[in-house]
Amino acid sequence: MTALPLSGVTVVTVEQAVAAPYATRQLADLGARVIKIERPGVGDFARHYDTTVHGQSSYFVWANRSKESVTLDLKTRAGRDVLEQLLGRADVFVQNLAPGAAARLDLDAASVARRHSSLIPCTISGYGTTGPWADRKAYDLLVQCQTGLVSLTGTAEETARVGVSVADIAAGMYAYSGVLTALYTRATTGVARAVEVSLFEALAEWMGQPAYYTRHGGVQPPRMGTQHPTIAPYGAFTTGDGKQVLFSVQNEREWAALCERVLEKPELTDDPRFATGSDRVAHRGELDAIVAARFLRSGADELMELLEATGVANAGVNDVEEFLDHPVLAGRGRWQEVAIPGAVVPALRPPADLTGVAPRMDPVPDVGEHTERVLTELGLSAARIEELRADDVI
């Protein structure tokens with residue numbers, strides 16, 4: 001196998017929760033050495049969100065494999081001195097501290113860049129480091145609400161949050177791609193540029209289509225559960241065995257095939273209520289009633305096979321257990337074992353495959369597991385390390 005693309009890159013990160021850890025884990029997947037700074041004794045507070053993975057947090061296990069954990073109390077001068085030594089050897093510094101905390105610790109991007117001109121600082125915030133909301137705390141659901149995403153999610157009767165940390169994931173992805181871009185820029189121009197991403201602006205980008213639709217259409221897309229505001233038939237329908245199957249008709253060819261082979265009503269293609277996509281949307285209730293009656297006559301597996309043979313995209317509405325056993329994940333070898341403190345668990349490989357490159361999927365670290373080793377690399381003596389431990393600096 002080829003060497004990992006980011007081998008030789010060192011990332012120091014003062015991170016917590018999801019967004020920054022998700023970004024740095026992906027850098028670690030590609031071979032970067034990621035040194036995670038945690039609070040002595042407690043660690044990243046995401047370690048304590050739950051205890052479902054053999055006593056470990058599902059959030060922490062997901063976002064923190066292949067990292068080295070070093071505990072430092074950054075409120076002490078000694079702790080900041082150690083961090084400064086680490087930054088002097090690093091290529092990238094990532095932080096998502098609470099509003100104002102980085103500046104108080106002299107770890108904001110401008111201050112770090114003045115001291116380390118070749119270092120790439122990456123800041124992840126809630127609403128940006130400037131502007132009217134720079135001092136506000138932001139968590140995933142708050143940002144889902146502020147961007148309007150929650151107003152689009154759910155049914156006509158009730159809004160709903162997206163069931164995963166979508167704002168954190170979006171910010172983590174843009175931080176990850178921003179750092180990769182900054183590394184490339186530094187390699188080609190010699191200039192180290194800072195990267196800044198906010199949860200709000202990351203999710204705002206994902207809101208682009210409904211933003212255009214609302215600004216120019218005068219009304220936002222309606223909340224419709226699994227249905228689509230501008231396409232019909234589209235959505236999940238209950239089958240005769242009580243399961244749900246979702247399908248979508250994308251064009252007139254598929255509509256005609258659906259009428260003939262699945263609905264067994266070829267005459268619907270000549271029905272003026274359903275003549276065009278817009279007509280079908282306008283008469284969605286009548287069309288959905290026809291589809292619903294047909295689906296109740298067959299089981300889910302039979303209907304999915306029929307839709308597939310007809311060339312109409314479809315899916316079973318899986319729960320998480322069914323997702324875990326999905327034949328695509330098994331057939332493509334997407335599961336790989338990863339060690340965590342006290343156990344070994346299956347983890348999904350990173351979704352982007354590079355030909356000839358196997359991603360790094362090393363253990364999830366315990367709190368402070370690598371503190372002594374990393375400090376020894378910096379040249380600190382065993383006696384000095386014990387002093388720091390006695391003073392609760394590490």
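Since the model is a prediction, treat every value here as computed from it, not as a measurement.
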* Asked: Does the T310 side chain pair with the main chain of A257, one donor and one acceptor, at a distance under 3.5 Å?
  -> no

* Under a 4.5 Å cut-off applied to non-hydrogen side-chain atoms, are L348 and W335 in contact? -> yes

* Asked: With the 4.5 Å side-chain cut-off for hydrophobic clustering, are L152 and I231 part of the same group?
  -> no

* Structure fact -> Taken to the nearest 0.5 Å, the spacing of E264 CD from L258 CG works out to 10.5 Å

* Asked: Rounded to the nearest 0.5 Å, how far apart are CG of L307 and CD of E302?
  -> 10.5 Å

* What pair of heavy atoms forms the shortest contact from V61 to V364, and how long is it? -> O-CG2, 3.8 Å

* To do: Let me see the working for D29 and R349 under salt bridge (charged side-chain N to carboxylate O under 4.0 Å, His left out), right down to the final yes or no.
  => CA-CA 9 Å; D29 290 342; R349 291 164 56 92; over 6 Å; no

* Find out if a path of hydrophobic residues (ILVMFWY) with successive side-chain heavy-atom gaps under 4.5 Å connects V143 to V150. => no

* Any link between I169 and M207 through a network of hydrophobic side chains (Ile, Leu, Val, Met, Phe, Trp, Tyr) touching at under 4.5 Å? -> yes

* Please answer whether the main-chain N or O of T155 pairs with a side-chain N or O of R223 as donor and acceptor at a distance below 3.5 Å. => yes

* Is the backbone N or O of S66 less than 3.5 Å from a side-chain atom of R360, with the two atoms forming a donor-acceptor pair by type? -> yes

* **Distance-minimising heavy-atom pair for V11 and L27** => CG2-CD1, 4.1 Å

* **Pair V317-K243, side chain to side chain contact (heavy atoms under 4.5 Å, CB included): steps then yes or no** => CA-CA 8 Å; V317 181; K243 299 180 180 180; over 6 Å; no

* Please report the C-alpha distance between F237 and V245 in whole Å, then the side-chain angles of each, then the deciding distance to 0.1 Å, and finally whether the side chain to side chain contact (heavy atoms under 4.5 Å, CB included) criterion is met. => CA-CA 6 Å; F237 294 84; V245 171; over 6 Å; no

* Does CZ belonging to R215 count more than 12 external heavy atoms closer than 6.0 Å? -> no

* Asked: Would you say the side chains of T24 and K67 form a donor-acceptor pair under 3.5 Å?
  -> yes

* For the atom pair CD (E15) and CD (Q95), what is the distance rounded to the nearest 0.5 Å? -> 11.0 Å

* Using a 4.5 Å cut-off on heavy atoms from C-beta on, say whether the side chain of I290 contacts that of L268. => yes

* Kindly indicate whether the side chain of I340, heavy atoms from C-beta on, has any atom under 4.5 Å from the side chain of V53. => yes

* Would you say E38's side chain and D44's backbone share a donor-acceptor pair under 3.5 angstrom? -> yes

* Within the side chain of Q144, is there an N or O that forms a donor-acceptor pair under 3.5 Å with the backbone of V162? -> yes

* To do: Using a cut-off of 6.0 Å, state whether more than 12 heavy atoms not belonging to R39 lie near its atom CZ.
  => yes

* To do: Check whether more than 12 heavy atoms from other residues, nucleotides or ligands sit under 6.0 Å from atom OH of Y49, and answer yes or no.
  => yes

* Asked: Side-chain heavy atoms under 4.5 angstrom apart, residues restricted to Ile, Leu, Val, Met, Phe, Trp, Tyr: same cluster for L141 and V164?
  -> no

* Criterion salt bridge (charged side-chain N to carboxylate O under 4.0 Å, His left out) on D392 and K75, from CA distance to verdict -> CA-CA 11 Å; D392 295 325; K75 293 181 180 179; over 6 Å; no

* Check whether any side-chain heavy atom of V82 sits under 4.5 Å from a side-chain heavy atom of I394, and report yes or no. => no

* Do other residues, nucleotides or ligands put more than 12 heavy atoms under 6.0 Å from Q209 CD? -> yes

* In plain terms, say whether R80 and D106 are close enough for a salt bridge, that is, a side-chain N and a carboxylate O under 4.0 Å apart. => no

* Under 3.5 Å, side chain of N314 to main-chain N/O of V312, donor-acceptor pair present? -> yes

* **Electrostatic pair D91:R186 at N-O distance under 4.0 angstrom** => yes

* **Stepwise side chain to side chain contact (heavy atoms under 4.5 Å, CB included) check, F93 with V14** => CA-CA 8 Å; F93 172 56; V14 180; 3.7 Å; yes

* When rounded to the nearest 0.5 angstrom, what is the spacing between CG in D168 and OH in Y22? -> 11.0 Å

* Asked: So, for T239 and G299, which heavy atoms are closest and what is the spacing to 0.1 Å?
  -> CB-C, 4.1 Å

* Please check if the side chain of S298 supplies one atom and the backbone of L303 the other of a donor-acceptor pair under 3.5 Å. => no

* To do: Please examine the side chains of L199 and L142, heavy atoms only from C-beta on, and report whether any two atoms are closer than 4.5 Å.
  => no

* Hey, are the side chains of I35 and H370 touching, using non-hydrogen atoms and a 4.5 Å cut-off? -> no

* Do R294 and K265 come close enough that some side-chain heavy atom pair is under 4.5 Å? -> no

* To do: Would you give the length of the straight line joining atom CH2 of W206 to atom CG of L149, rounded to the nearest 0.5 angstrom?
  => 9.5 Å

* To do: Answer with yes or no whether the side chains of R373 and T376 bring together a donor and an acceptor at under 3.5 Å.
  => no

* Structure fact -> All heavy atoms of L287 vs all of P233, minimum pair found to be CD2-CD, 3.6 Å

* Donor-acceptor contact below 3.5 Å, side chain D140 vs main chain V166 -> yes

* Asked: Are R334 and H326 side-chain neighbours, meaning at least one heavy-atom pair lies under 4.5 Å?
  -> no

* Asked: Could you give the distance from CG (L72) to CD1 (I37), rounded to the nearest 0.5 Å?
  -> 5.0 Å

* Take M304 and D301, measure what side chain to side chain contact (heavy atoms under 4.5 Å, CB included) needs, and give me the verdict at the end. => CA-CA 5 Å; M304 285 191 287; D301 290 343; 3.8 Å; yes

* With distance as the sole test, does R273 use its side chain to make a donor-acceptor pair with the main-chain N or O of E286 at under 3.5 Å? -> no

* Asked: Taking the side chain from D366 and the backbone from E369, do they hold a donor-acceptor pair closer than 3.5 Å?
  -> no

* Asked: What are the two closest heavy atoms between A113 and P121, and how far apart are they?
  -> CB-CG, 4.5 Å

* To do: Indicate if V197 and W133 have the same hydrophobic cluster label, given that clusters are the connected sets of ILVMFWY residues with side-chain heavy-atom separations under 4.5 angstrom.
  => yes

* Structure fact -> Taking every heavy atom of A182 against every heavy atom of V195, the minimum-distance pair comes out as CB-CG2, 3.9 Å

* To do: For atom CD of E308, decide whether the heavy atoms of other residues, nucleotides or ligands shown that lie under 6.0 angstrom number more than 12.
  => no

* To do: Answer yes when E254 and R280 have at least one side-chain N-carboxylate O distance shorter than 4.0 Å, and no when they do not.
  => no

